[in-house]
Trainee: 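Shown below is the structure under consideration.
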Amino acid sequence: MKKILVLLVATFMCSGLFAQGIEFEHGNFKEALAKAKKENKLIFMDCYTTWCGPCKYLAKNIFPQKEVGDYYNKNFVNVKMDMEKGEGVALCEKYGVSSFPTLLFIDTNGKVVHKLVGGMPAEDLIKGGKAALNPEMRIGVLRAKYKSGNRDLKFLMTYLSAVKALYDRETMAIVAKEIINKTSLEKYMNKEQFYVISAAKFPYGSKEFKYLLKNKDKIKEITDDHGYANLYGSAYDKHMQKFAKKCKSLEELNKEVERCNKEFPIYNIENTKKNLKYTYYIANDFLQTWYDAKVKDAEVYKGENSYVYIYHGMCDEILRTPKLAASQKIVDDFIKIAQNFAADRENGIIMGNIMLAKFYLHKKDKKNAAKAFDIFYTENGKAGGNNTHPSVTKLKEAIDEL
């Protein structure tokens with residue numbers, strides 16, 4: 001009996017020792033709101049989905065940290081809501097959540113006063129919580145000040161940090177450029193403030209980009225490999241895509257790619273040339289040439305697991321490109337390919353039917369679109385697939401609305 005008591009005490013002590021991190025409520029949102037009113041606190045709501053990688057990262061690596069738990073348990077009523085299940089569906093619509101994870105700070109009247117988006121380190125999550133508690137630092141207040149014309153440098157830096165926490169890249173670029181125009185590029189050429197330059201997204205050919213090219217070695221020292229590659233790579237990619245749409249020949253296009261490669265080595269240059277070739281074909285209305293080349297490239301992977309997924313990517317590319325989607329010949333031919341996949345119960349029935357559902361939706365053939373979707377949904381469920389993913393639910397809604 002003594003041994004059992006010692007074991008129970010030890011278990012209790014250990015459970016207390018490891019009970020760290022954010023403590024989330026187990027009731028519904030209405031109960032959390034009532035508790036927030038009683039304790040005069042904001043609600044912190046983690047809006048997640050089961051398929052979201054950054055959501056899992058936060059849940060596994062960030063929320064359990066003691067410093068995070070200490071801050072959030074003291075200052076907020078914390079709730080987790082799956083945006084695709086139960087009351088999370090209605091809350092998702094009410095608060096206009098469109099990306100995951102979205103982290104909302106909600107007052108006792110149910111109004112969002114601050115928001116963060118995406119995975120982030122513990123220090124940024126705590127920083128975001130502190131901003132939510134300070135009315136002057138909330139995103140709505142900062143946006144209003146910016147729109148009213150506040151361009152004080154200190155304020156712009158604060159606003160940049162806020163929109164960075166929202167993952168609002170378009171606004172980040174605008175604000176970062178304003179900051180640099182008020183000061184200089186040199187001011188932010190250090191590890192602590194290089195994010196200002198990264199956020200600005202200066203285009204290829206601009207005087208700022210030329211400066212960055214001349215200082216590649218220094219930049220490599222103050223940022224990581226991803227930041228370095230993204231700073232230059234995204235600018236070159238946009239430049240070459242633009243060039244591919246206006247050049248007169250593939251020879252001219254390839255020469256430009258080679259020239260860019262000498263300035264900044266392009267990762268997998270042959271693949272880059274291939275993708276730019278596709279852009280060139282569509283821009284110059286060589287639609288059948290585009291289609292034939294895509295099919296030829298896809299057939300190289302026949303027999304591999306990626307085979308049907310490559311065709312699914314091609315399916316989406318056709319439907320989101322007006323010129324291709326308007327080609328009756330291409331659409332009808334691709335439907336035949338999708339039908340062949342759908343007839344393969346072992347390897348293609350799931351993806352083949354979702355491709356058919358998308359193309360029949362495009363053709364406004366509700367009967368066949370619904371039939372293909374139902375087969376996809378059933379087979380995907382049997383295989384353990386995610387039938388609650390937004391791409392699936394939105395497709396179903398679109399078919400129903402035909």
Side-chain angles (χ1 to χ4, degrees), residues 51 233 237-238 240-241 243-245 247 249-251 253-254 257 266-363 365 368-369 371-373 375-380 382-387 389-392 394-395 398-399:
W51 47 265
D237 182 63
K238 288 179 181 178
M240 290 185 292
Q241 285 289 337
F243 191 90
K245 293 176 181 178
C247 66
S249 67
L250 285 177
E251 182 181 6
L253 175 58
N254 287 332
V257 175
I266 299 170
Y267 174 75
N268 199 342
I269 187 171
E270 292 307 316
N271 191 57
T272 296
K273 286 181 178 179
K274 182 188 294 185
N275 290 330
L276 291 170
K277 177 180 68 176
Y278 292 142
T279 301
Y280 169 82
Y281 286 151
I282 292 173
N284 289 278
D285 295 323
F286 301 142
L287 305 182
Q288 193 62 44
T289 303
W290 177 94
Y291 181 76
D292 293 341
K294 277 282 185 175
V295 169
K296 183 179 179 181
D297 286 343
E299 286 301 307
V300 172
Y301 296 90
K302 191 170 184 177
E304 298 184 19
N305 292 334
S306 61
Y307 182 55
V308 67
Y309 296 102
I310 291 171
Y311 269 106
H312 182 250
M314 187 176 170
C315 158
D316 288 346
E317 194 168 1
I318 291 171
L319 293 176
R320 69 171 175 259
T321 307
K323 286 184 179 181
L324 297 171
S327 170
Q328 195 65 45
K329 187 175 184 301
I330 288 175
V331 168
D332 289 344
D333 190 78
F334 196 90
I335 286 176
K336 292 177 183 177
I337 291 174
Q339 287 171 336
N340 289 333
F341 276 117
D344 183 350
R345 292 199 61 83
E346 186 175 348
N347 298 308
I349 189 170
I350 295 174
M351 299 304 294
N353 274 289
I354 197 170
M355 287 190 281
L356 284 175
K358 290 177 179 181
F359 268 88
Y360 285 132
L361 171 64
H362 170 68
K363 290 171 71 71
D365 183 346
N368 281 318
K371 180 181 177 182
F373 181 85
I375 295 172
F376 157 77
Y377 192 90
T378 300
E379 297 297 328
N380 194 49
K382 289 179 182 177
N386 183 8
N387 281 338
H389 192 279
S391 63
V392 176
K394 288 179 181 177
L395 177 60
I399 293 172

Trainee: Are the side chains of Tyr360 and Ile335 in contact, using a 4.5 Å heavy-atom criterion?
Mentor: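 The answer is yes, as the side chains (C-beta and beyond) meet within the 4.5 Å cut-off.
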
Trainee: I would like to know whether Asp332 and Lys363 meet salt bridge (Lys or Arg N to Asp or Glu O under 4.0 Å); could you show each step before the answer?
Mentor: CA-CA 10 Å; Asp332 289 344; Lys363 290 171 71 71; 3.4 Å; yes

Trainee: Between SG of Cys247 and CG of Asn254, what distance do you get to the nearest 0.5 Å?
Mentor: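 Nearest 0.5 Å value for the SG-CG distance: 9.0 Å.
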
Trainee: Salt bridge check, Glu379 against Lys382: does any charged N sit closer than 4.0 Å to a carboxylate O?
Mentor: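 Answer for the salt bridge query: yes.
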
Trainee: If you apply the rule ring-ring contact (aromatic ring centres under 6.0 Å, His included), what do you find for Tyr309 with Tyr301, and how did you get there?
Mentor: CA-CA 10 Å; Tyr309 296 102; Tyr301 296 90; over 10 Å; no

Trainee: Which word best sums up how the rings of Tyr281 and Phe286 line up, parallel for under 30°, tilted for 30 to 60°, or perpendicular for over 60°?
Mentor: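 The rings of Tyr281 and Phe286 stand perpendicular, inter-plane angle above 60°.
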
Trainee: Check whether any side-chain heavy atom of Ile349 lies under 4.5 Å from a side-chain heavy atom of Ile375, and answer yes or no.
Mentor: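 In short, these two side chains touch, coming nearer than 4.5 Å.
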
Trainee: Given Ile354 and Ile350, is the side chain to side chain contact (heavy atoms under 4.5 Å, CB included) satisfied, shown in steps?
Mentor: CA-CA 7 Å; Ile354 197 170; Ile350 295 174; 6.0 Å; no

Trainee: Using modelled atom types only, decide if a donor and an acceptor are shared between the side chain of Thr321 and the backbone of Leu324 within a distance under 3.5 Å.
Mentor: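 No: the side chain of Thr321 does not pair with the backbone of Leu324.
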
Trainee: Taking only residues two or more places apart in sequence or in another chain, which ones pass salt bridge (charged side-chain N to carboxylate O under 4.0 Å, His left out) with Lys273?
Mentor: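 Only Glu258, Glu270 meet the salt bridge (charged side-chain N to carboxylate O under 4.0 Å, His left out) criterion with Lys273.
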
Trainee: Within a strict 4.5 Å, meaning less than it, do heavy atoms of the Ile310 and Met314 side chains meet?
Mentor: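 Of all side-chain heavy-atom pairs linking Met314 with Ile310, none is under 4.5 Å.
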
Trainee: Looking at Glu304, I want to see if its CD is surrounded by more than 12 non-hydrogen atoms of other residues, nucleotides or ligands under 6.0 Å.
Mentor: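 Correct, the count exceeds 12.
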
Trainee: Aromatic rings Phe373 and Tyr377: how do their planes relate, parallel, tilted or perpendicular, breaks at 30° and 60°?
Mentor: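 Rings of Phe373 and Tyr377: tilted, 30 to 60°.
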
Trainee: How far apart are the closest heavy atoms of Tyr280 and Ser249, and which atoms are they?
Mentor: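 Where Tyr280 meets Ser249 most closely, the heavy atoms are OH-CA, 3.5 Å.
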
Trainee: Keeping Asp333 on the side-chain end and Lys329 on the backbone end, is there a donor-acceptor pair under 3.5 Å?
Mentor: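 No: the side chain of Asp333 does not pair with the backbone of Lys329.
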
Trainee: Rounded to the nearest 0.5 Å, what separates atom CG in Leu287 from atom CG in Asp292?
Mentor: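 One gets 11.0 Å once the value is rounded to the nearest 0.5 Å.
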
Trainee: Could you report the tightest heavy-atom contact between Cys315 and Lys358, atom names first, then the distance?
Mentor: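 Minimum heavy-atom separation between Cys315 and Lys358: SG-CD, 4.0 Å.
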
Trainee: Can you confirm whether Asn305 is buried at CG, in the sense that more than 12 heavy atoms of other residues, nucleotides or ligands lie under 6.0 Å from that atom?
Mentor: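 At most 12 heavy atoms, drawn from other residues, nucleotides or ligands, come within 6.0 Å of this atom.
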
Trainee: In this structure, are over 12 heavy atoms from other groups packed under 6.0 Å from Lys238 atom NZ?
Mentor: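 No, because the 6.0 Å sphere around NZ of Lys238 holds 12 heavy atoms or fewer from other groups.
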
Trainee: Using only atom types and a distance under 3.5 Å, with no angle test, would you say the side chain of His389 pairs donor to acceptor with the backbone of Trp51?
Mentor: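 The answer is no, because no donor-acceptor pair under 3.5 Å joins these two groups.
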
Trainee: Thr279 and Ala244: which non-hydrogen atoms are nearest, and at how many Å?
Mentor: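 Closest pair (atom of Thr279, atom of Ala244, distance): CG2-CB, 4.0 Å.
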
Trainee: Do Tyr311 and Lys294 have side chains that get closer than 4.5 Å, going by heavy atoms?
Mentor: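 No, too far: nothing below the 4.5 Å cut-off.
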
Trainee: If you measure from OG1 on Thr272 to CG on Asp237, what distance do you get to the nearest 0.5 Å?
Mentor: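 If we round to the nearest 0.5 Å, Thr272:OG1 and Asp237:CG are 7.5 Å apart.
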
Trainee: Enter the distance from Gln339:CD to Asp344:CG here, rounded to the nearest 0.5 Å.
Mentor: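 With rounding to 0.5 Å, CD (Gln339) is 14.0 Å from CG (Asp344).
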
Trainee: Would you name the heavy atoms of Ala325 and His362 that are closest together and state the gap between them?
Mentor: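 Scanning both residues, the minimum pair turns out to be O-NE2, 3.0 Å.
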
Trainee: Report the C-alpha distance between Leu361 and Leu395 in whole Å, list the side-chain angles of each, state the deciding distance to 0.1 Å, and finish with yes or no for side chain to side chain contact (heavy atoms under 4.5 Å, CB included).
Mentor: CA-CA 9 Å; Leu361 171 64; Leu395 177 60; 3.7 Å; yes

Trainee: Say you draw a straight line from CD of Glu317 to CH2 of Trp290; how long is it, rounded to the nearest 0.5 Å?
Mentor: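 It is 4.5 Å, given to the nearest 0.5 Å.
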
Trainee: Rounded to the nearest 0.5 Å, what separates atom NE2 in His312 from atom CZ in Phe341?
Mentor: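 It comes to 11.5 Å.
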
Trainee: Which heavy-atom pair separates Leu276 from Leu253 by the least distance, and what is that distance?
Mentor: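 Smallest interatomic distance, heavy atoms only, reads O-CD2, 3.7 Å.
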
Trainee: Indicate the atoms forming the closest heavy-atom contact of Ala338 with Leu356, along with that distance.
Mentor: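 So the two residues come closest at CB-CD2, 3.6 Å.
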
Trainee: Are the side chain of Asn380 and the backbone N or O of Phe376 linked by a donor-acceptor pair below 3.5 Å?
Mentor: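 The answer is no, because no donor-acceptor pair under 3.5 Å joins these two groups.
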
Trainee: With heavy-atom distances below 4.5 Å as the criterion, would you say the side chains of Tyr291 and Ile318 are in contact?
Mentor: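 A side-chain contact exists here, since the closest heavy-atom pair is under 4.5 Å.
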
